[in-house]
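First comes the structure, then the notes that go with it.
This structure is a prediction, so every number in the text was calculated from the model and none was measured. Count residues from 1 along the sequence.
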Amino acid sequence: MHKKLAVVVFILGAFLVLPLPASTVSVLVIETGRNGDNPVKEYSTLWEYGILDVFFEAGHIVSNAPIIQTRRKTAKELPDEARPDMEEAKEGGADFFVLALLDYQSPDRGGAAGKPDAVSLRLFKISGNKAIYQENVSPGTYPSRDEEVQGIKRIARKLVPLVRDNS
């Protein structure tokens with residue numbers, strides 16, 4: 001009886017010392033077409049929390065930087081405004097950096113909700129400083145706030161297997 005108990009304890013103990021496959025992911029949202037003096041748009045916060053939730057629910061360690069506003073949209077893979085946050089994430093031991101660029105070029109779009117015209121989602125492996133995934137998405141129209149959040153999470157879930165495969 002003691003031998004069986006010892007074997008069971010040994011097997012369970014072996015599982016406790018195995019490393020967990022969790023990566024550290026840092027998230028940054030940038031609002032383009034904004035001058036920096038305006039309050040952060042609610043929609044930008046939904047994107048930030050949606051991305052953070054998806055990675056947290058997948059078992060990853062997540063962090064975020066404050067949402068940045070900039071007047072201009074850039075064609076650069078990693079905008080200059082995002083570089084300090086990516087460096088800080090690197091110094092903090094992050095493995096991946098998610099950048100969501102929300103383009104608010106049309107000031108009247110979306111009424112009170114203030115939805116962006118377009119969203120660009122980029123995933124960087126910090127060790128390479130190069131995007132391993134990029135997708136441009138339309139913000140979409142949803143009948144409720146809950147469905148809007150679920151839509152954002154559906155888009156963000158595409159990144160989870162990429163993090164696992166590139167770890």
Side-chain angles (χ1 to χ4, degrees), residues 23-90 94-126 128-166:
S23 295
T24 303
V25 180
S26 182
V27 177
L28 173 65
V29 173
I30 297 180
E31 296 179 337
T32 64
R34 312 283 318 279
N35 66 8
D37 296 333
N38 300 315
V40 169
K41 295 272 191 180
E42 180 183 356
Y43 200 76
S44 299
T45 305
L46 288 178
W47 269 92
E48 181 180 51
Y49 291 153
I51 295 168
L52 289 168
D53 283 351
V54 163
F55 281 103
F56 182 77
E57 290 167 1
H60 296 288
I61 302 161
V62 294
S63 66
N64 65 313
I67 295 173
I68 296 174
Q69 294 179 349
T70 181
R71 281 192 185 278
R72 61 182 172 76
K73 187 176 180 179
T74 181
K76 290 182 179 182
E77 186 175 72
L78 180 66
D80 294 336
E81 296 84 1
R83 287 193 184 280
D85 291 303
M86 186 174 197
E87 283 302 314
E88 188 175 321
K90 185 177 189 175
D95 303 303
F96 294 91
F97 187 75
V98 178
L99 176 63
L101 291 162
L102 282 69
D103 186 22
Y104 290 97
Q105 295 298 325
S106 298
D108 298 330
R109 180 173 163 92
K115 286 188 180 182
D117 296 319
V119 176
S120 178
L121 195 58
R122 300 171 188 173
L123 174 66
F124 294 83
K125 184 163 185 175
I126 288 190
N129 284 346
K130 189 139 181 83
I132 58 175
Y133 179 81
Q134 180 172 342
E135 180 179 9
N136 296 319
V137 297
S138 173
T141 303
Y142 298 93
S144 73
R145 179 64 50 162
D146 287 340
E147 289 181 55
E148 186 119 36
V149 170
Q150 291 310 312
I152 291 168
K153 286 184 175 186
R154 243 186 324 277
I155 293 167
R157 280 189 195 100
K158 295 177 186 178
L159 303 176
V160 173
L162 295 168
V163 167
R164 183 189 62 239
D165 294 345
N166 287 283

Side-chain donor-acceptor pair under 3.5 Å between Glu48 and Asn64, yes or no? yes
Kindly determine whether Phe124 and Met86 satisfy side-chain contact (heavy atoms from CB on, under 4.5 Å), including the steps that lead there. CA-CA 9 Å; Phe124 294 83; Met86 186 174 197; 3.5 Å; yes
Looking at Lys158 and Glu135, is there a salt bridge between them, counting it only when a charged N and a carboxylate O are closer than 4.0 Å? yes
I'd like to check Ile61 versus Val25 (side-chain heavy atoms, cut-off strictly below 4.5 Å). Are they in contact? no
Less than 4.0 Å between a side-chain N and a carboxylate O, is that true for Lys153 and Glu57? yes
Rounded at 0.5 Å granularity, tell me how far CZ in Arg34 sits from CD1 in Ile67. 10.0 Å
Salt bridge Arg72-Glu81, side-chain N to carboxylate O under 4.0 Å: yes
Name of the residue among Ile155, Val27, Leu52 meeting side chain to side chain contact (heavy atoms under 4.5 Å, CB included) with Trp47: Ile155
Do Thr74 and Asp80 come close enough that some side-chain heavy atom pair is under 4.5 Å? no
Grab the two heavy atoms, one from Phe96 and one from Ser23, that are nearest each other, plus how far apart they are. CE1-OG, 3.8 Å
Ser120 versus Arg122, side-chain donor and acceptor atoms under 3.5 Å: yes
Are the side chains of His60 and Val163 in touch, meaning some heavy atoms are under 4.5 Å apart? yes
Applying side-chain contact (heavy atoms from CB on, under 4.5 Å), run through Val54 and Val160 and close with a yes or a no. CA-CA 8 Å; Val54 163; Val160 173; 3.5 Å; yes
Do you know which two heavy atoms are closest between Pro116 and Tyr104, and how far apart they sit? N-CE2, 3.5 Å
Of all heavy-atom pairs linking Phe55 and Leu159, the shortest is CZ-CB, 3.6 Å
Might you confirm whether atom OH of Tyr49 has over 12 heavy atoms from other residues, nucleotides or ligands at distances under 6.0 Å? no
Spatial distance of atom CD1 (Ile30) from atom CD1 (Ile68) [nearest 0.5 Å]: 4.5 Å
Taking 4.0 angstrom as the limit, do Glu148 and Arg145 come out as a salt bridge? no
Of the non-hydrogen atoms in Ala65 and Leu28, which two are nearest, and what is the gap between them? CB-CD1, 3.9 Å
Kindly indicate whether the side chain of Leu78, heavy atoms from C-beta on, has any atom under 4.5 Å from the side chain of Arg83. yes
For the atom pair CD (Glu42) and NZ (Lys115), what is the distance rounded to the nearest 0.5 Å? 10.5 Å
Taking all heavy atoms of Phe97 and all of Ala82, pick out the closest pair and write down the distance. CZ-O, 4.2 Å
If you compare all heavy atoms of Val40 against all heavy atoms of Ser44, which two are closest, and at what distance to 0.1 Å? CG1-CB, 4.1 Å
At what distance, to the nearest 0.5 angstrom, does CG of Leu99 lie from CD of Gln134? 9.0 Å
Spacing of NZ belonging to Lys73 relative to CG belonging to Leu102, to within rounding of 0.5 Å: 10.5 Å
Within the 4.5 Å heavy-atom criterion, are Lys130 and Glu77 side-chain neighbours or not? yes
Heavy-atom neighbours of Tyr142 OH exceed 12 at 6.0 Å: yes
Keeping the roles fixed (side chain from Arg157, backbone from Ile152), state whether a donor-acceptor pair exists under 3.5 Å. no
Any side-chain heavy-atom pair of Thr70 and Pro79 under 4.5 Å: no
At what distance, to the nearest 0.5 angstrom, does CG of Asn166 lie from CD1 of Ile132? 4.0 Å
